[in-house]
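Here's the structure we're looking at; comments come further down.
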Amino acid sequence: ATPGKSQTVTFGIKRPKYRMDLAEANVAQPQVSVIIDAPTKKGWIRVHQGKLAMPLDLTKPPPQVPGFPGVKAAPAAPKTPPTIDKTGQKDTVAGYGCEIWNITSEGRKSVVCVAENLTWIDISSMGFQGPEVALSAVATGANHFPLRVVTHDLAGKEEMRMEAQKIEKKKLDDARFVPPADYKQFDPAAMPQMPHLPQLP
């Protein structure tokens, strides 16, 4: 979350589908869910208030949803590849050991604590971005998970922090990865008065 603001994001991973449930701090139930089907590059944004669902074509720039400014087009590739310093320093986050990596990209620095042998998805490749997501994607792979990501601006000030709080390995219902039949499909351009929704990190 950005300094002074916080939110909870719950990732559900059932390859090849992924789900993100977003809620503002101190809100028990998610306000928005994003479902991604990686092989087809299709997905849905589910707005639980009003039971609304918007289809996503992740081969195209994501639509701008009023009240949901966190959905943005993927950024252009950096002119030079990010540099990664694998420090060898160890830490523990959410009960899992991880290694601290320092990542520098176009003058911006991030500190990422990376665990091995945990499934993750490169969200930026699916058309979503955010400072910590774009940079943590550098640290990801088939068996890497960024348990903590701290990004800094060009002046070195902390810009955003994301840290895992709990990790559970359990079976997930297939129904969680499709929009419910009672959700109404909507066009964001026709709904300028969307309720305030948390940003996608």
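We count residues from 1, following the sequence as given.
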In terms of hydrophobic clustering (I, L, V, M, F, W, Y; side-chain heavy atoms under 4.5 Å; direct or indirect links), are [X] and [Y] co-clustered?
X	Y	value
I167	F11	yes
F177	L56	no
F145	V93	yes
W101	M162	yes

> Stepwise, does the side-chain contact (heavy atoms from CB on, under 4.5 Å) test hold for E163 with V150?
Replying inline: CA-CA 8 Å; E163 183 167 343; V150 182; over 6 Å; no
Distance, nearest 0.5 Å, that separates [atom1] of [X] from [atom2] of [Y]:
X	Y	atom1	atom2	answer
K109	L154	NZ	CG	11.0 Å
T10	Q165	OG1	CD	10.5 Å
E159	S110	CD	OG	8.5 Å

> Considering the options Q31, R176, Q29, R46, which one meets the side chain to side chain donor-acceptor pair (under 3.5 Å) requirement together with D21?
Replying inline: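 Going through Q31, R176, Q29, R46 one by one, the side chain to side chain donor-acceptor pair (under 3.5 Å) with D21 is satisfied by R176 alone.
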> Among all residues two or more places apart in sequence or in another chain, which pass the salt bridge (Lys or Arg N to Asp or Glu O under 4.0 Å) test with K170?
Replying inline: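 Per chain and number, K170 pairs via salt bridge (Lys or Arg N to Asp or Glu O under 4.0 Å) with E168.
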> By salt bridge (Lys or Arg N to Asp or Glu O under 4.0 Å), which residues pair with D182, not counting sequence neighbours?
Replying inline: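 D182 satisfies salt bridge (Lys or Arg N to Asp or Glu O under 4.0 Å) with K51 once adjacent residues are dropped.
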> Quick one: side chain to side chain donor-acceptor pair (under 3.5 Å) pairs with a partner in residues 84-97, sequence neighbours left out?
Replying inline: D91-R148
Is any side-chain heavy atom of [X] closer than 4.5 Å to a side-chain heavy atom of [Y]?
X	Y	answer
I45	V32	yes
L22	P30	no
N102	T104	no
V178	W44	no
S33	M20	no
K14	R19	no
I103	T83	no

> Could K42 and D57 be called an ion pair, given the rule that one side-chain N must be under 4.0 Å from one carboxylate O?
Replying inline: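 A salt bridge is present here (some side-chain N lies under 4.0 Å from a carboxylate O).
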Quick one: closest heavy-atom pair of [X] and [Y], and the distance?
X	Y	value
L147	G97	CD1-O, 4.4 Å
Y183	L52	CD2-O, 3.3 Å
A115	C98	N-CB, 3.8 Å
I100	C113	CG1-SG, 4.0 Å

>> Looking at E158, is its backbone amide N or carbonyl O close enough to the side chain of H152 to form a donor-acceptor pair, meaning the two atoms are under 3.5 Å apart?
In response: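 Here the side-chain-to-backbone pair does not exist.
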>> Can a donor-acceptor pair be found, under 3.5 Å and without considering hydrogens, that links the side chain of D37 to the backbone of K41?
In response: no
